[in-house]
Amino acid sequence: MKKVINRIMTGIVVGTFVGMILSLIFSALNGATQYYPSSPAFVSHFNGSLTATAVSVVIWSLIGTIFSLSSMIFSNTDWSIAKMTIIHLLITYFGFLPLAILSGWFPLSSPKIVSFTIIFLVVYFIIYTTMRRIAKREIEAINDQLRKQ
């Protein structure tokens with residue numbers, strides 16, 4: 001239980017930090033003269049930017065928590081790497097999708113969901129490939145150390 005609580009807390013902190021940094025970057029890239037925690041359309045649903053930012057922080061925290069908790073799947077050694085990866089992909093996609101829509105990152109329409117899905121899968125594949133290469137190098141280093149003993 002302690003491990004789950006630590007993952008939740010880590011997810012909240014990392015999710016909020018990443019969300020804040022990305023929202024600052026996107027506000028600057030869009031030439032905004034004031035800070036927008038999400039799209040102006042999202043912010044317009046609230047009484048002011050303070051409420052929109054508070055709601056955004058909750059959403060970013062939930063996103064971070066989904067990714068943090070779902071990574072625990074990879075500690076289940078009884079499953080194949082393929083099974084763990086597919087389950088992780090499905091949990092993160094179906095957890096992240098509604099939160100991205102609530103955040104106002106894109107409207108609820110089939111073409112936008114297809115576009116989001118393609119982007120999500122490409123980013124997931126890049127991260128997965130990178131993490132797999134890192135793990136492979138670590139395993140090779142451990143095996144080299146064992147051979148030397």
Side-chain angles (χ1 to χ4, degrees), residues 1-140:
M1 188 63 167
K2 185 177 178 182
K3 189 175 183 178
V4 171
I5 291 170
N6 285 338
R7 290 287 182 132
I8 291 169
M9 296 309 295
T10 300
I12 290 169
V13 170
V14 172
T16 301
F17 178 76
V18 170
M20 180 62 72
I21 296 298
L22 289 175
S23 67
L24 287 168
I25 290 169
F26 286 118
S27 286
L29 288 176
N30 288 321
T33 56
Q34 67 181 44
Y35 170 70
Y36 287 98
S38 191
S39 69
F42 173 82
V43 175
S44 72
H45 291 293
F46 302 96
N47 294 346
S49 63
L50 180 61
T51 305
T53 302
V55 171
S56 293
V57 167
V58 170
I59 293 171
W60 299 332
S61 297
L62 291 171
I63 291 169
T65 301
I66 288 167
F67 281 93
S68 184
L69 284 175
S70 65
S71 68
M72 293 176 75
I73 288 169
F74 293 105
S75 61
N76 185 343
T77 56
D78 294 341
W79 291 352
S80 70
I81 190 71
K83 181 177 181 178
M84 288 186 280
T85 302
I86 290 168
I87 290 172
H88 180 263
L89 171 74
L90 292 172
I91 289 170
T92 55
Y93 175 79
F94 286 110
F96 186 47
L97 176 66
L99 294 172
I101 293 168
L102 282 174
S103 294
W105 295 345
F106 60 90
L108 183 58
S109 70
S110 295
K112 296 296 184 181
I113 291 174
V114 169
S115 177
F116 169 82
T117 301
I118 291 168
I119 293 167
F120 182 89
L121 291 173
V122 167
V123 170
Y124 192 94
F125 177 76
I126 290 168
I127 293 170
Y128 174 79
T129 302
T130 303
M131 296 306 292
R132 188 161 173 137
R133 285 182 183 161
I134 291 168
K136 185 177 181 180
R137 279 191 219 129
E138 289 175 359
I139 290 168
E140 288 171 355

Taking atom [atom1] of [X] and atom [atom2] of [Y], what is their separation to the nearest 0.5 Å?
X      : Y      : atom1 : atom2 : answer
Ile113 : Ile118 : CD1   : CD1   : 12.5 Å
Ser103 : Leu62  : OG    : CG    : 9.5 Å
Ile21  : Trp60  : CD1   : CH2   : 9.5 Å
Phe116 : Phe106 : CZ    : CZ    : 5.0 Å
Asp78  : Lys83  : CG    : NZ    : 9.0 Å

Report task. Go through the steps for Tyr128 and Thr85 under the test side chain to side chain contact (heavy atoms under 4.5 Å, CB included), then give the verdict. Result -> CA-CA 9 Å; Tyr128 174 79; Thr85 302; 3.4 Å; yes

List the atom of [X], the atom of [Y], and the distance in Å for their closest heavy-atom pair.
X      : Y     : result
Leu102 : Phe42 : O-CE1, 3.1 Å
Ile87  : Ile73 : CG2-CD1, 3.6 Å
Ile12  : Ser61 : CG2-OG, 3.6 Å
Ser49  : Val43 : CA-CG1, 4.3 Å

Query raised in the report: Do Phe74 and Met131 have side chains that get closer than 4.5 Å, going by heavy atoms?
Result: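 No, their side chains stay 4.5 Å or more apart.
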
Short question: side chain of [X], backbone of [Y] - any donor-acceptor pair under 3.5 Å?
X     : Y     : answer
Ser56 : Ala52 : yes
Ser68 : Gly64 : no
Thr51 : Asn47 : no

**Report entry** Any side-chain donor near an acceptor of the partner, His88 and Tyr124, under 3.5 Å
**Finding:**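 Note: His88 and Tyr124 side chains meet the donor-acceptor criterion.
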
Report task. Decide if the gap between the ring center of Trp105 and the ring center of Phe26 is smaller than 6.0 angstrom. Result -> no

**Report entry** Ile81, CD1: over 12 other non-hydrogen atoms inside 6.0 angstrom
**Finding:** yes

